[in-house]
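Right, one structure below, let's go through it.
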Amino acid sequence: MKEMRKKIEELLKNGEIDVALGYRENPATGEVKADVFRKDETLDDMVFDERCVQNLVNYLPTLVARYKKVGIVLKGCDGRSLVTQLVEHRINKSQIVALGIGCEGVRLDGKEADKCGDCATNMTPIVDYEFGEKKQKKDPVFSKVKEIERMSPAERWKFFADYFARCERCYACRQICPSCYCEICVADQQEPKWIEPSAKLSANTMWHLIRAYHLAGRCADCGECERVCPQEIPMRLLNNALEKAVHELFGVRPGTVPEEVPPLVVLNKEDPDTILEGKNE
Amino acid sequence: MQVEKEPKILAILCKWCSYAGADLAGTSRFIYPANVRIVQVPCSGRVDPIMIFKAFVEGYDGVMVSGCHPGDCHYGTGNYHARRRIAVARRLLEFVGVHPDRMHFTWISAAEGKKFADVCSRFTDELKALSGTEKTLARKELAT
Amino acid sequence: MAAIELVPKPVTIKRIIEESRDVKSYVLQMSGSGKMPARPGQFVEVSVQGYGEATFAVTRISKDNQEFNISVKRIGHLTKMLHRAAPGDIIGVRGPYGNSFPVDEWKGKDIVVIGGGIGLAPLRPVIDYVLEHRKDYGKLEIVFGARAPDDILYKEDLRIWEDDKGISLYKTIDVPFEGWSGRVGVVPIVVKDLALKPDGKISIVCGPPIMIKFTAAALRELRWPNDKIFTTLEMKMQCGIGQCGRCNIGEKFICKDGPVFSLDQIPEHAL
Amino acid sequence: MNKWYKMKHADMQKFVSALTEKWEVWVPYRIDGKWEFGIYDTGRDLDFPESVIHVSLKNLFFPKRRPIATYDENSKWSLKPVEPEGKPRIVIGLHPCDVAGIEYMDKVFLQSEHKDVMYASERKRTVLIGMLCSEMADNCHCTDRGLTPDATRGMDAAFARITDGYLLKGLTDKGKQVLRSEYLKKVDEVPDKKDWPAGRYVIASPEEFMEMYDDKIWHEMSDICLTCGICTYACPTCVCFLVTDENFKGKGERVTVWDSCQLQSYSRMAGGHNTRKTPASRVRNRTLDKFAYSHLRYGQISCTGCGRCVMVCPLKRSFPQLGARLTERIKDKKKGKSKSGARSKEA
Amino acid sequence: MAKVGVFVCHCGVNIAAKVDVKRVVDALKEMPEVGFAHEYKFMCSSPGQELIRKEIKESKINRVVVAACSPRMHLPTFQKALASQGLNPYLVSMANIREQCSWVTDDPEMATQKAIDLVARQIKRVVHQDPLEDISVPMTKTALVIGGGIAGIQAALDIADGNRKVILVEKSPSIGGRMAQLDETFPTLDCSQCILTPKMVEAAQHPNIEIRVNSEVKKVDGYVGNFEVTVEKKATYVDAQKCIGCGICQEKCPVKTVPDEFNADLNLRAAIAIPFPQAVPAIPIIEPDYCKKLIENKCGVCAKICPAEAINYDDVPMQETVNVGAIVVATGYREMDPAVYTEYGGRKYPDVITGLQFERLVSSTGPTGGELKRPSDGEIPKTVVFVQCVGSRDESKAHAYCSGICCMYTAKHTMIYKHHVPDGQAYVSYIDIRAPGKTYEEFVRRAIEDEGVRYLRGRVAKIRRLQNGQYRVYTEDTLVGRAVHIDADMVVLASAVEPQEDAVGLAQILGIAYDSDGFYTEAHPKLKPIETASAGIFLAGACQGPKDIPASVQQGSAAASKVLSIFARDNLVKSPQIATVDPTACTGCLTCSYVCHYSAIEEKEFGQRQVAEIIPGKCQGCGACVATCKGKAITLAGFSDDEIYEEIVSCK
């Protein structure tokens with residue numbers, strides 16, 4: 001951490017970056033939040049530890065629009081979500097300096113965050129400066145997804161319908177997701193109304209299905225959607241189910257390979273037709 | 001009314017192969033259940049899974065999508081892209097509780113009128129076998 | 001109990017006038033003994049069953065208040081459906097809403113009407129009103145600009161106004177166009193060229209936001225005070241009655257406190 | 001009946017159960033650790049929170065999704081207004097800040113040339129029996145908004161918890177009528193008076209806020225905000241809505257649906273022009289609307305100090321805190337030591 | 001909202017027998033969008049179309065739904081009816097209540113209900129259809145003909161005579177195709193080479209025709225009017241510019257072990273050879289699999305003796321891209337390998353040969369110089385059995401279809417045989433004789449009656465080689481009803497006509513359809529027999545199905561006229577059903593560009609950002625990008641989300 005702080009100080013000083021996006025601790029409350037660090041200030045408040053849950057990539061597009069060059073502190077999972085951003089021309093690599101840090105896991109509500117159990121890489125795949133230790137990771141197991149998969153279709157629907165019905169459609173999940181950046185979200189469209197504006201089960205179901213599908217092969221499991229959901233809808237389950245599916249179907253783990261094109265737009269004539277068949281119950 | 005009891009099927013067919021196949025089923029007078037509603041799209045590559053989601057929410061019992069056989073796409077590669085998309089959409093729908101037998105994704109060429117009729121009949125039978133189970137996702141009235 | 005204000009009443013499309021490539025005007029007739037007592041500058045909420053509603057300025061009012069016009073540019077889903085309508089179709093309408101141009105306070109003054117594209121639509125009732133009460137007003141000057149000859153609205157009216165000796169009409173298009181022999185140049189430039197003096201005059205400006213902004217600037221350059229420049233604002237209005245919230249400029253609701261404002265009533269950024 | 005009456009804890013349940021015969025009774029329930037109002041099932045244990053109820057009462061008077069007309073899609077113009085209906089109801093256990101919210105909604109919907117008759121009907125059929133807060137929760141700041149947790153203004157009746165039961169008092173005729181009950185005993189007791197702490201989120205005056213329109217602080221304030229709409233849905237005074245048509249199998253409803261000025265789609269016009277495209281402009285609109293525009297419009301700022309926006313914020317970032325921060329900035333500016341690029345450390 | 005005119009067709013009894021048309025009309029009249037609904041016996045007839053025209057004029061409808069047959073059949077018909085009244089032709093929609101309703105439903109009640117639903121859905125859809133304007137694109141007025149057989153040559157000549165450039169691509173070293181291998185042709189028995197060679201020469205010398213032999217089409221991009229075709233010329237090791245065609249290399253080449261393909265593998269030839277004497281161009285090529293120099297870097301004789309120094313052992317395949325506006329596919333057929341029928345001994349017994357081998361055996365340019373000698377021992381065969389339908393009309397073993405030409409060429413073979421061996425006896429084992437062409441039947445009668453050929457109706461069960469070198473053919477004579485066997489000196493199998501080995505591969509390159517046998521599928525079997533489903537690509541000759549010479553020539557000419565009619569216009573008129581990007585909604589992620597098969601999506605600047613833009617000329621309207629775009633910034637005219645959404649949700 002010290003090393004990283006020093007590096008960032010140096011980068012800011014010699015103008016290699018205009019601002020740095022990192023985590024700031026409020027010494028009074030002990031709270032840690034995303035913030036922008038500038039040249040003329042001390043980096044004493046900059047921290048990196050298990051409290052740094054937020055994915056900073058979501059703030060990048062606004063910052064790169066305002067500054068020429070932005071440094072960003074990246075955990076493994078956040079780095080994965082950056083891959084999609086770069087491939088989809090949302091951010092130009094030349095405008096950012098990636099400061100990867102070996103993540104030891106983050107904590108939410110006093111215990112290790114769920115997503116860390118399924119961590120695919122603790123070091124960002126895109127990195128300019130590397131700090132801390134890079135660990136060999138096992139493939140995610142997605143045990144909760146498997147639990148759902150063991151249920152009958154009716155049980156599964158009951159499980160999800162209960163959650164979907166609670167959705168208020170505040171779109172916090174959309175707003176926090178770095179990969180949800182459409183100019184006009186399909187949920188806001190009138191022509192036609194694929195998703196009706198009112199918060200009711202049928203429209204909420206459409207919203208959650210479409211949200212999950214649109215992230216298929218792009219979601220890097222940073223878990224922010226689920227974290228910010230005021231109704232505690234388990235959105236990571238849907239994301240993970242598709243992450244698992246994409247891996248099983250196409251052998252791809254989204255975001256782990258720089259410059260990899262999202263699997264849903266890859267042309268592969270050799271896909272077997274069996275991928276179109278239903279899985280056994 | 002009898003028609004109401006029949007499971008309702010939405011068939012999204014590409015214009016060049018599968019829709020022509022459905023036409024051939026007609027020209028050849030192959031009888032199949034009257035509950036199939038065909039939507040023509042230019043290519044299976046045009047099929048956005050949102051359409052499939054919507055169909056289930058709107059209360060269809062089953063959805064089938066069909067295009068040209070791999071390699072035969074009129075537009076070269078549309079069906080390969082469709083295959084990937086639909087494979088993922090199917091996993092998602094199954095995950096939230098749509099019974100796997102309610103989805104049928106296949107390739108039907110313009111020459112396969114018989115196959116189209118057979119698929120429709122078989123699919124209808126499969127859906128009838130599911131008639132006791134819940135039609136998940138389907139909304140019931142305006143407010144849900 | 002009375003029905004909620006947000007529920008529209010049916011009107012019949014009596015006639016459809018194709019104004020330009022993407023603008024159609026509709027002559028709407030109130031059903032039964034219904035009236036539409038709209039004053040110049042007021043607007044209505046029009047709905048198509050199944051497609052929601054949108055705001056349109058009233059562009060002409062019949063003397064008995066039983067018929068009125070709206071002009072519709074095809075941009076969204078509702079206007080698309082309106083463009084598909086045929087005479088005899090029934091649509092919904094509620095209103096009139098909003099304030100209106102203070103035409104009575106303007107008596108004795110020269111009126112300068114400056115319209116750009118579809119912006120002429122809400123101003124036409126003012127022209128109609130002034131023409132109807134000719135003796136009460138001084139000179140009537142109309143500056144009207146469109147992108148191209150194809151985009152010119154109200155061709156029939158323009159012809160009448162052109163022939164009217166009491167009206168000075170200046171028509172312009174933004175960029176040169178084959179077969180167009182008239183004036184070329186954007187409205188703010190034309191206004192500057194005409195060097196319209198503010199003495200004894202009132203001007204009303206409406207058009208695309210950018211046109212209003214620059215025309216206002218041009219007028220100020222010609223020493224027009226803000227309280228003599230009026231405009232009517234097109235912002236996303238929905239309920240029309242100051243409740244749904246979206247059309248505010250500061251504490252003012254365009255639908256309730258507007259849509260007609262003189263420039264001294266609204267902050268600069270509202271333009 | 002200008003005095004306080006006492007009711008034993010055990011009697012309260014009997015009293016409320018008896019009310020359900022004639023009334024639709026709404027009471028707070030705790031679901032997954034969160035308090036919200038629900039229709040009372042007779043016999044269920046009654047409990048009341050010490051302070052703010054997590055979900056505001058807004059939905060009872062101005063529902064999330066409110067059909068205003070119905071139509072048949074398969075026939076020509078058939079739009080018919082939905083007539084307001086519903087049996088008389090009582091809401092028991094709301095707090096002073098809830099009343100303030102309702103008062104604000106009254107201003108929007110009732111003090112208008114075009115009165116919202118559906119809202120009016122919901123109001124008319126409802127008797128409000130408020131509860132005086134016994135403490136202030138973490139985010140409560142009604143004391144900074146001209147209220148106190150034990151104020152009774154606007155309630156039809158009020159009650160307070162005491163060690164062995166409740167003290168009740170009817171305030172309006174409606175309220176007094178409801179309270180006519182055998183379980184009530186006349187006593188001399190009055191609820192404890194407390195000194196409520198204040199100063200958590202003191203804010204500047206509406207006029208001062210208005211001057212901040214062009215300040216660049218808005219960009220800084222919106223840097224981290226998600227501009228999701230959840231604070232507006234939780235807010236008891238945010239009543240923006242959208243009118244839309246919803247169809248299903250030939251039946252249609254025209255509905256008003258809650259909308260939020262924080263969402264990008266809110267002020268996007270057909271054709272693409274958006275008057276509040278940037279997050280900064282949306283955050284500004286909400287902040288100024290709460291603390292200034294509302295006051296200029298209705299003579300009352302639309303923040304009741306309930307603190308719900310803080311509770312629901314996905315980033316646990318407090319909206320009132322924003323107001324306070326802005327106030328600090330206003331002060332700084334006034335003192336003329338306006339630090340250029342001054343920013344708070346928490347963004 | 002819109003005012004829709006609905007026309008429900010009886011189609012005689014095709015629809016009306018199952019669907020209660022009256023009830024359909026009554027049910028629809030109530031829909032808010034419907035101006036009126038009519039029924040009529042035949043909507044596609046001119047009074048039917050007149051009805052539409054009249055109502056557009058009188059009732060001021062602004063949308064039309066025709067409930068009749070498949071839109072694939074008659075949509076253009078009704079589009080024209082609209083256009084004739086000044087209504088945009090894209091404001092009509094068809095409900096397919098024949099192919100997809102009345103013909104596939106047993107129960108009239110169900111059929112009627114389904115029909116109501118189908119028409120109602122199209123009414124909802126048509127309301128969302130937008131008027132569209134055709135798109136005009138410039139084009140390259142050069143044609144590509146793939147295959148230099150008689151069909152391809154004919155097409156090339158006709159196009160060239162129409163004053164348009166033609167590139168003729170032929171896989172083998174010479175044009176001429178199958179016809180060049182034939183001896184005489186039915187039903188006139190004129191010499192095949194005598195009538196073909198002048199055409200070959202004419203093609204070679206035509207100023208508008210560029211012949212590319214030894215070449216194959218590897219890739220096709222673009223669309224009608226503007227195809228970009230990659231042609232690969234394989235390595236021939238002989239410089240065609242230098243070679244004078246003297247043939248000395250062929251004489252001196254020490255390797256004489258190459259099966260002679262032109263002679264249907266009946267003999268062996270040199271590793272460097274001109275394919276056949278009349279070849280156009282008459283340039284030899286080296287078979288790299290046999291040439292000693294190329295395999296083991298020895299020999300090199302040809303290079304040493306070539307007077308023109310035309311030999312180049314370092315030759316490599318060359319790819320070139322050509323721009324053309326239309327393509328004629330005339331890749332012809334091949335003869336089925338008779339080895340499938342092990343019981344006949346084809347490929348096993350030297351004297352059990354195929355029809356094509358027989359042609360070469362009797363041809364004066366063939367391996368025997370025109371003398372009919374049997375391959376095993378050079379004896380003149382005194383008894384020959386011609387076996388019909390080897391691989392044809394036999395679904396269990398090979399193909400269900402009739403090869404079409406065998407009956408005729410066998411009759412011809414028997415006659416040629418009798419001319420060569422007047423005292424010999426020819427037998428024909430057949431199932432039916434199919435001779436429907438002009439003077440064809442007479443030709444077959446001549447073989448039977450004048451030449452004394454014995455026709456036995458029945459299928460050959462087995463052919464066994466006897467000790468004496470003869471072949472015993474076990475067959476039957478169903479007309480008499482008994483099994484017979486014939487001991488023959490030679491057996492000729494009429495092996496089935498099959499698509500070329502690489503037919504499917506080429507179809508995939510071209511993006512055209514093919515049937516389960518591998519023959520290319522025409523756009524419509526009756527009304528569009530020349531066109532493929534891909535605009536600008538036409539079919540000629542046996543690649544589309546078995547065909548004899550006259551039919552191939554006809555189709556070649558027909559394809560040429562189709563090409564010329566495209567080229568006759570100044571610009572190409574394209575369907576307006578293409579995708580467009582709304583730049584205000586586009587985020588510029590450009591994931592759409594990954595799925596575009598036509599490379600039609602480019603990046604463009606819009607305000608401060610980059611967005612996607614679709615090149616109208618390149619877009620073919622498949623909609624893959626539309627389904628990819630998450631923000632729904634792309635719309636496909638004619639198949640917009642709106643239109644499809646209505647079809648999904650407005651089903652009862």
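Computed from a predicted model, the values in this text were never measured in an experiment. The sequence lines fix the lettering, A, B, ..., with proteins before strands; numbering per chain opens at 1.
Under the salt bridge (charged side-chain N to carboxylate O under 4.0 Å, His left out) criterion, the residue pairs touching residues 238-247 of chain D are A:Lys200-D:Glu246, D:Arg65-D:Glu246, D:Asp245-D:Arg254, with sequence neighbours excluded.
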Open item on the list: Working note: D:Phe248 + B:Lys140, criterion side chain to side chain contact (heavy atoms under 4.5 Å, CB included); need CA distance, chi angles, decisive distance, verdict.
Closed with: CA-CA 9 Å; D:Phe248 181 56; B:Lys140 273 126 201 150; 5.9 Å; no
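Between D:Lys251 atom NZ and B:Leu142 atom CG the span is 9.0 Å, to the nearest 0.5 Å.
The minimum heavy-atom distance between D:Lys249 and B:Glu58, with the atom names listed, is NZ-O, 3.5 Å.
Contacts between residues 22-30 of chain B and chain D, counted as heavy-atom pairs separated by less than 4.5 Å, involve no residue at all.
For D:Glu85, the CD atom counts as loosely surrounded, since its 6.0 Å shell holds 12 or fewer non-hydrogen atoms of other residues, nucleotides or ligands. D:Lys115 NZ: 12 or fewer foreign heavy atoms inside a 6.0 Å radius.
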